[in-house]
Amino acid sequence: MAISGSLLLLSLAVFVFTSCRADPDPLQDFCVADFQAGITIDGFPCKPASSVVSDDFFFGGLANAGNTNNMFGSNITAGNVQSFPGLNTLGLSINRGDFAPGGVNPLHSHPRASEIVVVLKGELLVGFISTTNVFYSKVLKAGESFIIPRGLVHFQYNTGKDKAVAITAVDSQLPGVVVAPLTLFGSKPAIPIDVLTKIFQVDASVIQLLMSKFGQATSPYN
């Protein structure tokens, strides 16, 4: 009986612990972001339901082609909570990617989300690198898709002769994006050149050239 009682108490403790750690069930239909209140942990505060309107749940940005006239030849229109307040607390967002021929969404990662890429037009080489340094990739055509696991470095590159368009969906309302060349060579303040020359095993002149290219560059994400 003592053993059975101990097992019962242990089971109860595990149940209580895991229940406390689990996401709670929603206590409301929605939580439209109130940007005036400022950012809080894990999202924005909710607008009063009395001030919520239909447009809070609408985002038309994906209907418009992005400007690919930049050094990467790509443009990512982000439909995250900052432009789509009805996404707040829902754990998802959606983007549109436009790619000129030869355009690339450079090596980057999303620290808070996995991503699925769906090509609508043209063709894209999509790939990611695992933590064991294995490269996984696929050339996608219209209607085909590819998954990018959370946090892994990845890219999309237009291998076709025509413009390419893709939709990407992620499981975060604000997934974050770390664009590798801008992070490494365009940070403010800059990473010390001695550090970068040691990491990449190149002369300082090479690092200075890269800094001159990426120091003033803008992200393809808007």
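Residue numbers start at 1 and run along the sequence shown.
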Checklist entry - Hey, what do you get for CD (Gln82) to CZ (Phe35), rounding to the nearest 0.5 Å? => result 7.0 Å
Checklist entry - Cluster question for you: counting only ILVMFWY and a side-chain heavy-atom cut-off of under 4.5 Å, with indirect links fine, are Val170 and Ile148 together? => result no
Checklist entry - Do Leu184 and Tyr221 share a hydrophobic cluster (ILVMFWY, side-chain heavy atoms under 4.5 Å, transitive)? => result yes
Item to check | Positive for side chain to side chain contact (heavy atoms under 4.5 Å, CB included) with Phe99, one of Asn105, Val165, Asp162, Thr159 | outcome: Asn105
Checklist entry - Mind checking whether Ser83 and Phe59 have side chains closer than 4.5 Å, heavy atoms only? => result yes
Checklist entry - Closest heavy-atom contact between Pro111 and Ser109? => result CD-O, 3.7 Å
Next on the checklist: Check whether Asn70 reaches the backbone of Phe72 with its side chain - one donor and one acceptor, N or O, closer than 3.5 Å.
Outcome noted: yes
Checklist entry - At what distance, to the nearest 0.5 angstrom, does CZ of Phe146 lie from CZ of Phe128? => result 5.5 Å
Next on the checklist: Is it the case that atom CZ in Phe135 sees more than 12 heavy atoms from other parts of the structure closer than 6.0 Å?
Outcome noted: yes
Checklist entry - Side chain of Asn95, backbone of Gly79: donor and acceptor closer than 3.5 Å? => result yes
Next on the checklist: Looking at His108, is its backbone amide N or carbonyl O close enough to the side chain of His154 to form a donor-acceptor pair, meaning the two atoms are under 3.5 Å apart?
Outcome noted: yes
Checklist entry - Do Val153 and Val104 share a hydrophobic cluster, counting only Ile, Leu, Val, Met, Phe, Trp and Tyr and linking them when any side-chain heavy atoms are less than 4.5 Å apart? => result yes
Next on the checklist: Are more than 12 heavy atoms, taken from residues, nucleotides or ligands other than Gln201, located less than 6.0 Å from that residue's CD atom?
Outcome noted: yes
Next on the checklist: Checking the side chain of His110 only, and the main-chain atoms of Gly151 only, is there a donor and an acceptor separated by less than 3.5 Å?
Outcome noted: no
Next on the checklist: For the CE atom of Met211 and the CD1 atom of Ile191, what is their distance to the nearest 0.5 Å?
Outcome noted: 7.0 Å
Checklist entry - Can Asn88 and Val32 be said to form a side chain to side chain contact (heavy atoms under 4.5 Å, CB included), step by step? => result CA-CA 6 Å; Asn88 194 41; Val32 173; over 6 Å; no
Next on the checklist: If you apply the rule side chain to side chain contact (heavy atoms under 4.5 Å, CB included), what do you find for Phe200 with Val206, and how did you get there?
Outcome noted: CA-CA 10 Å; Phe200 291 102; Val206 176; over 6 Å; no
Checklist entry - For the atom pair CD1 (Ile147) and CD1 (Ile116), what is the distance rounded to the nearest 0.5 Å? => result 4.5 Å
Next on the checklist: Nearest 0.5 angstrom please: Leu90 CG to Ser172 OG, how far?
Outcome noted: 11.0 Å
Checklist outcome for this item: So CD of Glu115 and CG of Leu152: to nearest 0.5 Å the spacing works out to 11.0 Å
Checklist entry - Can you get from Ile193 to Phe185 by hopping between Ile, Leu, Val, Met, Phe, Trp and Tyr side chains that sit under 4.5 Å apart? => result yes
Checklist entry - Same cluster or not: are Val195 and Leu209 linked, directly or through other Ile, Leu, Val, Met, Phe, Trp or Tyr residues, by side-chain heavy atoms under 4.5 angstrom apart? => result no
Item to check | Nearest heavy-atom neighbours spanning Thr183 and Val178 | outcome: OG1-CG1, 3.3 Å
Checklist entry - Just wondering, do Ile167 and Leu120 contact through their side chains at under 4.5 Å, heavy atoms? => result yes
Item to check | Closest non-hydrogen atom pair between Gln156 and Leu124, with its separation | outcome: CB-CD1, 4.3 Å
Checklist entry - How far apart are the closest heavy atoms of Tyr136 and Ser130, and which atoms are they? => result CE1-CB, 4.0 Å
Item to check | Leu87 side chain reached by Leu92 side chain, heavy atoms, under 4.5 Å | outcome: yes
Checklist entry - More than 12 foreign heavy atoms under 6.0 Å from CD of Gln28: is that the case here? => result yes
Item to check | Side-chain (Lys141) to main-chain (Val119) donor-acceptor, under 3.5 angstrom | outcome: no
Next on the checklist: Checking Leu125 against Val139 for the side chain to side chain contact (heavy atoms under 4.5 Å, CB included) test, could you report, in this order, the C-alpha distance in whole Å, the side-chain angles of both residues, the deciding distance, and whether it holds?
Outcome noted: CA-CA 4 Å; Leu125 170 63; Val139 175; 3.9 Å; yes
Checklist outcome for this item: Heavy atoms of Ser145 and Val118 approach each other most closely as CB-CG2, 3.9 Å
Checklist entry - Is it true that a side-chain atom of Asp56 and a backbone atom of Val53 form a donor plus acceptor pair closer than 3.5 Å? => result yes
Next on the checklist: Please find the pair of heavy atoms, one from Phe44 and one from Ala33, that lie closest to each other, and give the distance.
Outcome noted: CB-CB, 3.7 Å
